[in-house]
Amino acid sequence: SVVRLGYGQLPELIYWWVDGYLDLDDGQSSLLRQDLEKIHEWHRRQELPQLANTLATLQTQAVSDVTPAQLCGWVDALKPRIGAVLDQAEPGLATLATRLTPEQLAHLQHQLDKRQQQWRDEWLKGNDAERQARRLERLIDRAEDFYGPLSTEQQTLLRTGVANSPFDLALAQAEMLRRQQDVYQTLQTLASGRLSPAQARAEVHQWLTRVQ
């Protein structure tokens with residue numbers, strides 16, 4: 001029921017997420033809403049049947065032990081589906097980005113700065129033991145959202161995984177900052193007015209490739 005509700009509301013949810021970063025005007029809002037509805041209708045018609053077939057296959061395999069090779073194979077099978085959605089989004093993203101104002105780019109930078117501070121508050125505060133405890137708490141919460149209450153044995157398994165994880169805070173922070181700088185600089189280039197429609201589309205395509 002959660003998936004059905006969330007999927008049906010995706011255009012609206014994505015719109016509000018984008019608007020939160022860019023503070024769109026009425027014309028931009030109308031443009032984005034129309035594009036999102038078109039993509040959603042295309043996805044419902046073209047992509048859902050393929051995803052249903054993939055999930056049916058996963059359902060039959062998930063009843064037995066799963067190997068790393070199987071998991072990698074599932075990821076590889078789903079990647080083209082993500083790429084197909086981004087291909088559909090390219091034209092609308094390019095059009096919207098070329099209409100952004102300097103004030104909206106400033107709003108975006110402010111929102112990115114807030115995200116950075118939230119990340120630091122969540123991940124960098126406290127000593128190593130406290131940070132590890134927060135990571136474990138988040139993992140347990142996410143797992144229980146999906147599976148229901150975990151047993152003591154399952155929680156111990158997660159605790160061991162967190163303790164042995166090669167997770168690197170410095171690397172994670174550098175990657176977050178790189179991604180934020182990439183999206184800001186890409187939108188700044190697109191909003192400059194110096195690109196033709198074809199060049200703008202190519203710029204968006206290159207950015208989405210980097211995102212993937």
Q: Enumerate the salt bridge (Lys or Arg N to Asp or Glu O under 4.0 Å) contacts for residues 180-189, please, sequence neighbours excluded, ordered by first and then second residue.
A: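 Those involving residues 180-189 are D182-R210.
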Q: Could you check whether D113 and Q109, counting side-chain N and O atoms only, form a donor-acceptor pair closer than 3.5 Å?
A: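 Yes, D113 and Q109 have a side-chain donor paired with an acceptor closer than 3.5 Å.
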Q: Please evaluate residues R178 and E175 with respect to the criterion salt bridge (charged side-chain N to carboxylate O under 4.0 Å, His left out), reporting the C-alpha separation (whole Å), side-chain torsions for both, the decisive distance (0.1 Å), and the verdict.
A: CA-CA 5 Å; R178 184 198 67 77; E175 175 63 9; 2.9 Å; yes
Q: For the OG atom of S192 and the CG atom of L100, what is their distance to the nearest 0.5 Å?
A: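 Between S192 OG and L100 CG, I get 11.0 Å after rounding to 0.5 Å.
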Q: P11 and L36: which non-hydrogen atoms are nearest, and at how many Å?
A: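 Minimum heavy-atom separation between P11 and L36: O-CD1, 3.3 Å.
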Q: With side-chain hydrogen bond (donor to acceptor under 3.5 Å, both in side chains) as the test, pick out the partner of Q116 among Q111, Q173, Q180.
A: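 Per the side-chain hydrogen bond (donor to acceptor under 3.5 Å, both in side chains) rule, the option paired with Q116 is Q180, out of Q111, Q173, Q180.
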Q: I'd like to check L78 versus L51 (side-chain heavy atoms, cut-off strictly below 4.5 Å). Are they in contact?
A: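 Answer yes - side chains close enough.
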Q: Where do E47 and A84 come nearest, in terms of heavy atoms and distance?
A: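 Reported closest heavy-atom pair: OE2-CB, 4.0 Å.
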Q: Can a side-chain donor-acceptor contact be found between Y21 and R115 if the only test is distance below 3.5 angstrom?
A: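 Indeed, the side chains of R115 and Y21 share at least one donor-acceptor pair under 3.5 Å.
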Q: For R135 versus F167, what's the shortest heavy-atom pair and its separation?
A: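 Between these two residues, the closest heavy atoms are NH2-CB, 3.5 Å.
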Q: Taking only residues two or more places apart in sequence, or in another chain, which ones meet R120 in a salt bridge (Lys or Arg N to Asp or Glu O under 4.0 Å)?
A: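 For R120, no residue satisfies salt bridge (Lys or Arg N to Asp or Glu O under 4.0 Å) once neighbours in sequence are set aside.
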Q: Would L177 end up clustered with V183 when hydrophobic side chains under 4.5 Å apart are linked, directly or stepwise?
A: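 No, separate clusters.
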Q: Might you confirm whether atom CD of E130 has over 12 heavy atoms from other residues, nucleotides or ligands at distances under 6.0 Å?
A: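 More than 12 heavy atoms, drawn from other residues, nucleotides or ligands, come within 6.0 Å of this atom.
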Q: With side chains defined as the heavy atoms from C-beta onward, is the minimum distance between L208 and L93 less than 4.5 Å?
A: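 In contact.
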Q: Tell me whether L157 is reachable from V66 by hopping between hydrophobic residues (I, L, V, M, F, W, Y) whose side-chain heavy atoms are closer than 4.5 Å.
A: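 Not linked; separate clusters.
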Q: Does the side chain of Q34 pick up a donor-acceptor pair with the side chain of S30 at under 3.5 Å?
A: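 Side chains of Q34 and S30: pair found under 3.5 Å.
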Q: Using the test side-chain contact (heavy atoms from CB on, under 4.5 Å), find all partners of T152 that sit at least two apart in sequence or belong to another chain.
A: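 Listed in chain order: T156.
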Q: Please check if the number of heavy atoms outside N127 that lie under 6.0 Å from its CG is greater than 12.
A: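 Enclosed.
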Q: Counting N and O atoms only, with roles assigned by atom type, does the side chain of R131 sit under 3.5 Å from a partner on the main chain of G126, one being a donor and the other an acceptor?
A: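 Pair found, side chain donor or acceptor close to backbone of G126.
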Q: Inspect the surroundings of CZ in R194 and state if more than 12 heavy atoms from other residues, nucleotides or ligands are less than 6.0 Å away.
A: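 Atom CZ in R194 is not crowded, with 12 or fewer foreign heavy atoms closer than 6.0 Å.
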Q: Take L58 and L55 through the test side-chain contact (heavy atoms from CB on, under 4.5 Å) and record every step on the way to the result.
A: CA-CA 5 Å; L58 297 183; L55 290 173; 4.2 Å; yes
Q: What pairs with H107 under ring pair (Phe, Tyr, Trp, His ring centres under 6.0 Å), at least two apart in sequence or on another chain?
A: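 In terms of ring pair (Phe, Tyr, Trp, His ring centres under 6.0 Å), with neighbours along the sequence ignored, H107 is linked to no residue.
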Q: Side chain to side chain donor-acceptor pair (under 3.5 Å) between Q117 and D121: does it pass, once the steps are laid out?
A: CA-CA 6 Å; Q117 186 58 53; D121 291 343; 2.9 Å; yes
Q: Can L22 be reached from L13 by stepping across I, L, V, M, F, W or Y side chains whose heavy atoms are under 4.5 Å apart?
A: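 Per the 4.5 Å side-chain linkage, L13 and L22 are not co-clustered.
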Q: Do you see a donor-acceptor pair shorter than 3.5 Å between the side chains of W207 and E203?
A: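 On atom types as modelled, these side chains do not qualify, holding no pair under 3.5 Å.
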Q: Would you compute the distance between atom CD1 of I14 and atom CD1 of I39 and round it to the nearest 0.5 angstrom?
A: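 It comes to 7.5 Å.
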Q: Show the nearest heavy-atom pair for residues T98 and A200, with the distance to one decimal.
A: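 Distance-wise, the nearest heavy atoms are CG2-CB, 3.9 Å.
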Q: Test E37 against R33 for salt bridge (charged side-chain N to carboxylate O under 4.0 Å, His left out), laying out the working first.
A: CA-CA 6 Å; E37 289 293 343; R33 287 182 185 277; over 6 Å; no
Q: In Å and rounded to the nearest 0.5 Å, what is the CH2 to CG distance from W16 to L32?
A: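 Rounded to the nearest 0.5 Å, the CH2-CG separation comes out at 11.0 Å.
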Q: Quick one: salt bridge (Lys or Arg N to Asp or Glu O under 4.0 Å) partners of E90, sequence neighbours excluded?
A: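 If we apply the salt bridge (Lys or Arg N to Asp or Glu O under 4.0 Å) test to E90, skipping adjacent residues, the hits are R201.
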Q: Would you give me the side-chain donor-acceptor pairs under 3.5 Å for residues 67-74, sequence neighbours excluded?
A:
unit_1: T67; atom_1: OG1; unit_2: Q70; atom_2: N; d: 3.1
unit_1: Q70; atom_1: OE1; unit_2: T67; atom_2: N; d: 3.0
unit_1: W74; atom_1: NE1; unit_2: Q61; atom_2: OE1; d: 2.8

Q: For L31 and R99, what are the C-alpha separation, side-chain angles and deciding distance, and is it a side-chain contact (heavy atoms from CB on, under 4.5 Å)?
A: CA-CA 11 Å; L31 180 70; R99 299 183 181 186; 3.9 Å; yes
Q: Heavy atoms, side chains only, cut-off 4.5 Å: are D19 and W17 in contact?
A: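 D19 vs W17: side chains apart.
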Q: Please tell me whether V85 and V18 are part of a single hydrophobic cluster in this structure, the criterion being side-chain heavy atoms less than 4.5 Å apart.
A: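 Looking at the clustering, V18 is in a separate group from V85.
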Q: Do the side chain of Q154 and the main chain of S151 share a donor and acceptor less than 3.5 angstrom apart?
A: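 Yes; judged by distance alone, with no hydrogens or angles, the pair exists.
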Q: Ignoring hydrogens and angles, tell me if any N or O in the side chain of H40 forms a donor-acceptor pair with the backbone of Y7 under 3.5 Å.
A: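 The answer is yes, because a donor-acceptor pair under 3.5 Å joins these two groups.
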Q: Do L171 and V162 share a hydrophobic cluster, counting only Ile, Leu, Val, Met, Phe, Trp and Tyr and linking them when any side-chain heavy atoms are less than 4.5 Å apart?
A: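 Result: no, two separate clusters.
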Q: Going by distance alone, is a donor N or O of one side chain under 3.5 Å from an acceptor N or O of the other, for Q104 and Q28?
A: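 Yes.
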Q: Which heavy atom of A143 sits nearest to which heavy atom of L158, and what is that distance?
A: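 So the two residues come closest at CB-CD1, 4.4 Å.
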Q: Go through S165 and Q132 one step at a time and tell me if the side-chain contact (heavy atoms from CB on, under 4.5 Å) criterion holds.
A: CA-CA 10 Å; S165 170; Q132 191 172 101; over 6 Å; no
Q: Would you sort out whether L112 and L108 count as a side-chain contact (heavy atoms from CB on, under 4.5 Å), showing the intermediate values?
A: CA-CA 6 Å; L112 294 177; L108 170 63; 4.0 Å; yes
Q: Output the distance between atom OG1 (T101) and atom CG (L24), rounded to the nearest 0.5 Å.
A: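 So the gap between those two atoms works out to 9.5 Å.
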Q: Nearest 0.5 Å please: distance from the CG atom of L10 over to the NE2 atom of H43.
A: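 Between atom CG of L10 and atom NE2 of H43 there are 8.5 Å.
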Q: Atom CG of L96 and atom CG of L190: how far apart are they, to the nearest 0.5 Å?
A: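 Going from CG on L96 over to CG on L190, the span is 10.0 Å.
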Q: Does CG belonging to N164 count more than 12 external heavy atoms closer than 6.0 Å?
A: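 Result for CG/N164: enclosed.
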